[in-house]
Each structure stands twice: as C-alpha cells, then as structure tokens.
Amino acid sequence: MSERSETPTHFIRQIIDRDLAEGKHDGKVVTRFPPEPNGYLHIGHAKSICLNFGLAEQYAGACNLRFDDTNPEKESDEYVNSIRTDVEWLGGRWQGDVRFASDYFETIHDCALALIRAGHAYVDTQSPEQMAANRGNFTTPGTDSPHRDRSVEENLALFADMRAGKLDEGQAVLRARIDMASPNMNLRDPVLYRIRKARHHHTGDTWCIYPMYDFTHPISDAIEGITHSLCTLEFEAHRPLYDWVLDTLTGLVDFPSRPRQYEFARLNLNYTLTSKRKLKQLVDEGHVSGWDDPRMPTISGLRRRGYTPASIWRFCDMVGVARADSVVDVAMLEAAIRDDLNQHAPRAMCVLRPLKLVIENWPAGQVEQLEAPQHPQNEAMGTRQIPMSGEVFIDREDFLEEANKKFKRLVLGDRVRLRYGYVVRATDVIKDAQGEIVEVRCTYDPDTLGKNPENDEGQGKLRGVIHWVSATHGVPCEVRLYDRLFTSPSPEREEAGVTACLNPASLTVLEGAVAEPALGVAAVESRFQFEREGYFCVDRDSRPDRPVFNLTVGLRESF
RNA sequence: UGGGGUAUAGCCAAGUUGGUAAGGCAGCGGGUUUUGAUCCCGUCAUUCCCAGGUUCGAGUCCUGGUACCCCAGCCA
C-alpha cells in the first residue's frame, strides 16, 4: 500500500512510542491479527488488519496471522482459506508461516499442568448448571466450588482423564483458582479447558479437550513474542485475566515476551451489519447470493463490488483508532473508494438504458474513429479509439421533449455535445403505439469536433455533454446497480430483525446496457469510470460475448 | 444492582507541563470544466455531556451529577 499518506497518530501509537522510548520489548514491535475461522472477514476486521499490519510496517516490526481456533465445532477450513485470501488481498504481509493457536495446544496443556501443580488450577466436576448458579451475579459474590480444594494429585489425575477421553462433555472442566468473590466476573475461577469430542479442522482427533480463549490468547501471544496485543473494547474486562495467566505462569514457563493487551473501539458502519452471525444468516437464508455478494460488507464482497485494498486502508486511516464507541457514516467508505478510483480508473462510456439516436445527415455507412483520453486529468494513461456511426445509443434519461434550461442534456429542438464527439441537434421523436419514445432523430454539425460551433446565431451556450455508444459497434452487456442492503441506519438494532429492514431495491439488473467496444475485452475485476454514471468493475460472471459490470459507487451528484 | 469504560460539530477525530478548539466525511456558497464528476476558493463548535469550584486564564485540574457501552458461555 504505497499510497497511504502520512500515518495518523492515535493512542496506540503513543503507547508504542513511549514503550520504545523506555526501551521496552528490546525496541521491537510485534503484533498479530488473530481471527477465529468461523466466518468471513468483514470491514470491521479490516480495521484491525490495517491497525496491526500497519503498525508492524510503520515501526519496522512484524505482524503474525494467527487463527484463534479453539472451538472446533464452529470452525472450518473454508473459513481459514477465505480469511487467508482476504488478508493477502488487502496486502497484509505476515511474518513467517500462518499460525494456528491449535499448533500450541501441547504448550498450552503444559501451562495447564504447571498451574495445577502450583495450585492455581483445579478440575471442577460440577454440572454446567451448578457452575452457573455458583458464579453469583453482579451484586452477589460467587460460591466456591466444592471441588476447589482438591489435591494436586487428584487434579492431575482428573485432568489426565479429561485428556484421555474418559470423561464426557460437560462432566468436568479445568478452572483457574482465582477469586469467586471478584467484582470482575471474569476472575471468578474462569474455565481454562473444556471437553469437546469433536474433530478439529487443524488437529483432527488429537485432542478432546480444548483451551478457552482467555487461556489460549495470552499464551499464544507470549509464545510468538507479541509485544502489543490489540483487541476490541469488549475484551477490556478480560485484561486482568490475560495478565493473571501470564503473571502466574512467570517462573513456571519461559516465553520470549511479556505482551500487553490494549483495546480499541470496533468499527461500526451505519446501514451496515458487522455481526458474523447475522451476516451468515443473510447468506444461509438466501437474501444475498453468498459471502461475496457485492452488497455484503465482507472483504470478499467489497472486493467483488470493486473496492480496492488502497481504498480500504485509506478508509481505516480516515476513521482513526480510539476508545469511544462510534458509528461511522458509510459515506466515508464511499468517499475513500471514489478518491482512489477517480485517480486511477480509466474512463469509458456505457449506456445503461439505451435510446436510439439517428443522425440523419451522417454520411451513409461512414464509420469514424474518435480519439478519447483514458483519463482527462492524466495524459500518461494514453488514449483509446471510439467508433462513431450514424446511429448511436444515448441514455433514456438524457433526452426530454421539453425541459427548462437547468436540464443540461438533449431536448427536442436543442443541441447537446456527444462526449468526445460532435454537437447534435434533436429534430424529431418517434413513438410507438403506447406513446413511448423509441427513437430520436437529429442532425450533427461536422465542424464541432474538438471545438465549439462557430456560427452560433445567438443560440446561447450548449446545454451540456452526454455520453453515447455507436449502435453498430457497442457491446451488449449486463449492469448490476447496487444500493445499500438495509433501509435502517442500524439494522442490528431493529426490533423486527435484520431481514425486516432489507432494502428491496438493493439490486437492480440492467440487461440491455451497451458499452463502448474497448470494454468488451476488459479483465475480471478491472475497474472503470463510466462517465457521468459512476465507477464500475467487471464481475466474474462475465462471458466473452457478454460482460457483466458491478456498480461500485456512483459519481457525486450536485443538482 | 457490583465492576470496567466512553462523552469535543450531522458523522469520525486531534487536542499529552492549563494559554484561548487540527484534519477528514457530510452540508452550504462561488469559480474552472467537452463528465451536473474531478479540481480550486470560501463557509461550517464564542464552545468541548451537565452543574459548581480552583485560576489572570480550563476541553485540559478539583467536586458532584447525567447519558451511553461492555461483563453473570464449558463462544471468541
């Protein structure tokens, strides 16, 4: 991502700057992006990716990609693969191989044994219901488990039985021995290990006991030499436990670093869902075509929609990193992609809703190649040829039989310029039996290519410029117009559920669009600005004879 | 209700020994323009959740409130 401008400062950078100044962590910065492979990555994860990989780059440190895969029943290789692809596409360059928390299961198990031997953990054979009841609540302290004072030997034997599969799910757990009366619920003897007789996507049937997140995460961080472990705000109350695990293990197990956890506010976008569960619901119930439906806020959806990695990094820079809960306006995301595409996308013409325009004084059979720049503000991008003939298509919305002067398009009896071409004057309209306009007739002024009409006879300025495509050369194509998926600014908070506020007009398919010839051979994922319309990218559903374009975002409109 | 957090413009967000409110998005006004785009110029918080207090001076310090978020999975 070479185009990120100056790196914005925020409280995490300030913490790192201070740490570096104090000589902590041997002057190193090592972060990690730790997704659980139980769903596809979305724009919220992008914030974390940009933060973690960005810091590694800015401080010449490193960032690991680590799958936090401690819950075999919800995780799968499909998710591992999609996440790896998405991180790679975004430009996250991780240090060494992809890591799996499950690769550390043996070490984590050793840590559990060390804790048991030191009297810091015990096997509880209460039922889940008893445990919940004995945990107390916000106002009432918990009650010690009757098994809290088992001997080390007994705990070791029971834990061995757990590992050996001699106990069933729910019959026993390993718990930390901390404080059942702590005002922080997370410290009321949290569960460290539970029994799950499920096949794990990465370790297969090697284990039937799995460590909990709170036990796995600090140890994984310490094993990898992570210096700054960044997570979202909801883990704040877990930090004392994170520290307890590492502090209690000190002297018992050696790690290359003593990482610290810092929390930042997760990204919320209005008119958007960022709940993995609800996103999955949209996919499972068929409200969208899949995880990569261009309307989805997933990384793969944004990619298919036409967003660039640079625009997503730019967006994350714009949003910043802080600790206050916030809801970012989706207009900011759109601004980021418009900014990128305005600079880099070649221009093209595509008529979305064709209306035939016949030029009556055009020499019969003549075809002229007009030259147009790929990008009006960037000559270095070169030029392209656009064929012009006696019959062209213009957009139905660009013609009116009558209009006031604010309508800067074609009006019967008046003139308009065909972009990169000639000035034409509409002379007649042809309608069908229903009175619908099926064709417009016009004449063109041959002396207006690259210059304005000379003998204007006091007719005033041209109304404007419209785009067009030669009827005999245009490439028939499909254009998919997208709008926001939800009509509610906060779909997650809708009482009636997220599906109740789905936008029925989130997808409009235009089957009869016609694009200029050069677009017929555009590669999948290539992006263009269709002049006067918006930014579009080539969808993978395209066929050689029929390209499919997705609207990424429309042009700003100010009238 | 116990604990932990957060409050600066319509939306993000700087503001770190108290010195007189950055920037972006959105909006508004104008200029340029063969894209109603881009670009350019201008405008947009007498005020920082509220109320007191300290001070020559407070978004920054003190006191007391208020609002919102997170925690009672053998999820992460």
Side-chain angles (χ1 to χ4, degrees), chain A residues 8-11 14 18 34-36 38 68-71 73-75 124 127-128 131-133 135-142 169-175 182-188 190-196 209-210 212-214 216-217 231-240 263 265 267 270 276 314-315 317-336 338-339 342-343 347 349 372 375-377 406-409 416-421 423 448-452 462 464-467 529-535 554-559:
Chain A
T9 189
H10 47 69
F11 79 98
Q14 290 167 357
R18 174 173 41 70
E36 182 190 10
N38 68 342
D68 217 334
D69 55 348
T70 57
N71 189 357
E73 289 159 320
K74 292 187 176 171
E75 299 156 3
D124 198 345
S127 70
M131 267 187 61
R135 187 155 30 233
N137 55 42
F138 294 148
T139 49
T140 316
E169 291 185 15
Q171 285 194 315
V173 291
L174 182 71
R175 301 179 73 178
S182 172
N184 182 341
M185 301 293 293
N186 297 301
L187 296 181
R188 317 248 263 228
V191 172
L192 265 23
Y193 263 94
R194 79 288 212 187
I195 298 167
R196 282 290 174 278
I209 56 173
Y210 292 91
M212 300 288 287
Y213 165 85
D214 282 315
T216 306
H217 213 81
C231 61
T232 44
L233 250 28
E234 65 267 29
F235 291 100
E236 193 164 15
H238 295 242
R239 190 173 61 221
E263 312 84 23
L267 173 70
N270 61 16
K276 268 192 212 173
R314 170 89 188 104
F315 168 69
D317 279 353
M318 286 164 72
V319 166
V321 181
R323 286 177 60 86
D325 292 311
S326 61
V327 181
V328 173
D329 193 335
V330 68
M332 227 190 264
L333 217 209
E334 297 175 343
R338 277 198 193 98
D339 186 50
N342 174 51
Q343 292 178 60
R347 312 283 114 131
M349 293 198 286
H375 188 127
Q377 279 81 44
K406 287 186 177 177
F407 186 74
K408 302 171 70 175
R409 316 178 189 186
V416 79
R417 175 178 294 280
L418 298 181
R419 179 74 162 159
Y420 302 126
V423 170
T448 52
L449 191 61
K451 60 181 177 182
N452 283 325
L462 283 174
V465 181
I466 63 174
H467 57 99
Q529 183 201 89
F530 288 175
E531 294 204 57
R532 302 209 316 127
E533 294 288 0
Y535 297 97
L555 257 27
R556 282 182 73 218
E557 292 182 356
S558 56
F559 61 96

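This one's a predicted model, so the numbers in the text were calculated from it and none came from an experiment. Below, chains carry the letters A, B, ... as their sequence lines are ordered, and counting in each starts from 1.
Residues satisfying the salt bridge (charged side-chain N to carboxylate O under 4.0 Å, His left out) test with Glu533(A), not counting sequence neighbours, are none. Every residue two or more places apart in sequence or in another chain that forms a side chain to side chain contact (heavy atoms under 4.5 Å, CB included) with Pro376(A) is listed here: Arg347(A), Arg419(A), Tyr420(A). When the salt bridge (charged side-chain N to carboxylate O under 4.0 Å, His left out) test is applied to Asp124(A), the partners found at least two apart in sequence or on another chain are Arg175(A). With sequence neighbours excluded, no residue satisfies side chain to side chain contact (heavy atoms under 4.5 Å, CB included) with Ser326(A). Take Asn71(A) and apply the side chain to side chain contact (heavy atoms under 4.5 Å, CB included) test, not counting sequence neighbours, and it matches Glu36(A), Glu73(A), Lys74(A), Glu75(A), Arg194(A). A search for side chain to side chain contact (heavy atoms under 4.5 Å, CB included) contacts involving Leu555(A) returns Gln529(A), Tyr535(A), not counting sequence neighbours. Residues passing the salt bridge (charged side-chain N to carboxylate O under 4.0 Å, His left out) test with Arg409(A), sequence neighbours excluded: Asp398(A). Residues passing the salt bridge (charged side-chain N to carboxylate O under 4.0 Å, His left out) test with Arg239(A) are Glu263(A), sequence neighbours excluded.
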So what's the dot-bracket for RNA chain B: Watson-Crick or G-U pairs under 3.5 Å, [ ] if a pair crosses, | if it pairs off-strand?
.(((((((.[[[..)...(...]]].(((((.......))))).....[[[[[..)....]]]]])))))).....
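Contact annotation for Arg196(A): base contact, defined as any heavy-atom pair under 4.0 Å involving a base atom. The residue Gly170(A) sits close to a base: some heavy atom pair falls under 4.0 Å. Across all strands, Phe235(A) comes closer than 4.0 Å to base atoms (heavy-atom distances).
Under the 30°/60° scheme for interplanar angles, the aromatic rings of Phe235(A) and Tyr213(A) are found to be tilted.
Distance check on atom P: rA26(B) versus rU38(B) gives 9 Å, rounded to whole Å. When the P atom is compared between rC62(B) and rU54(B), the two are found 15 Å apart, to the nearest whole Å. Distance noted for atom C1' between rG59(B) and rU16(B): 13 Å (whole Å). Here, rG53(B) and rU60(B) have their C1' atoms 15 Å apart, quoted to the whole Å. Between rC48(B) and rG52(B), the distance separating the two P atoms is 12 Å to the nearest Å.
Position along RNA chain B of the nearest nucleotide to Asp214(A) versus Glu234(A) favours Glu234(A) as the more 5'-ward residue. Residue Asp329(A) is the one, among Asp329(A) and Ile195(A), whose nearest nucleotide of RNA chain B lies closer to the 5' end (criterion: closest heavy atom).
The shortest distance between the side-chain N/O atoms of Thr70(A) and the OP1/OP2 oxygens of rA76(B) is below 4.0 Å.
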For a quick check, with a 4.0 angstrom heavy-atom cut-off, what is the B/S/- contact string for nucleotides 29-36 of chain B, read 5' to 3'?
-----BBB
Protein heavy-atom contacts under 4.0 Å, written 5' to 3' over nucleotides 1-9 of chain B as B (base), S (sugar-phosphate only) or - (none), form the string BBSSSS---
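Base orientation of rG52(B): anti (glycosidic angle beyond 90° from 0).
The side chain of Ala335(A) sits closest to rA26(B) out of rA26(B), rC12(B), rA76(B).
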Enumerate the protein-to-nucleotides 40-43 of chain B contacts in which both atoms are nitrogen or oxygen and the separation is below 3.5 Å.
none

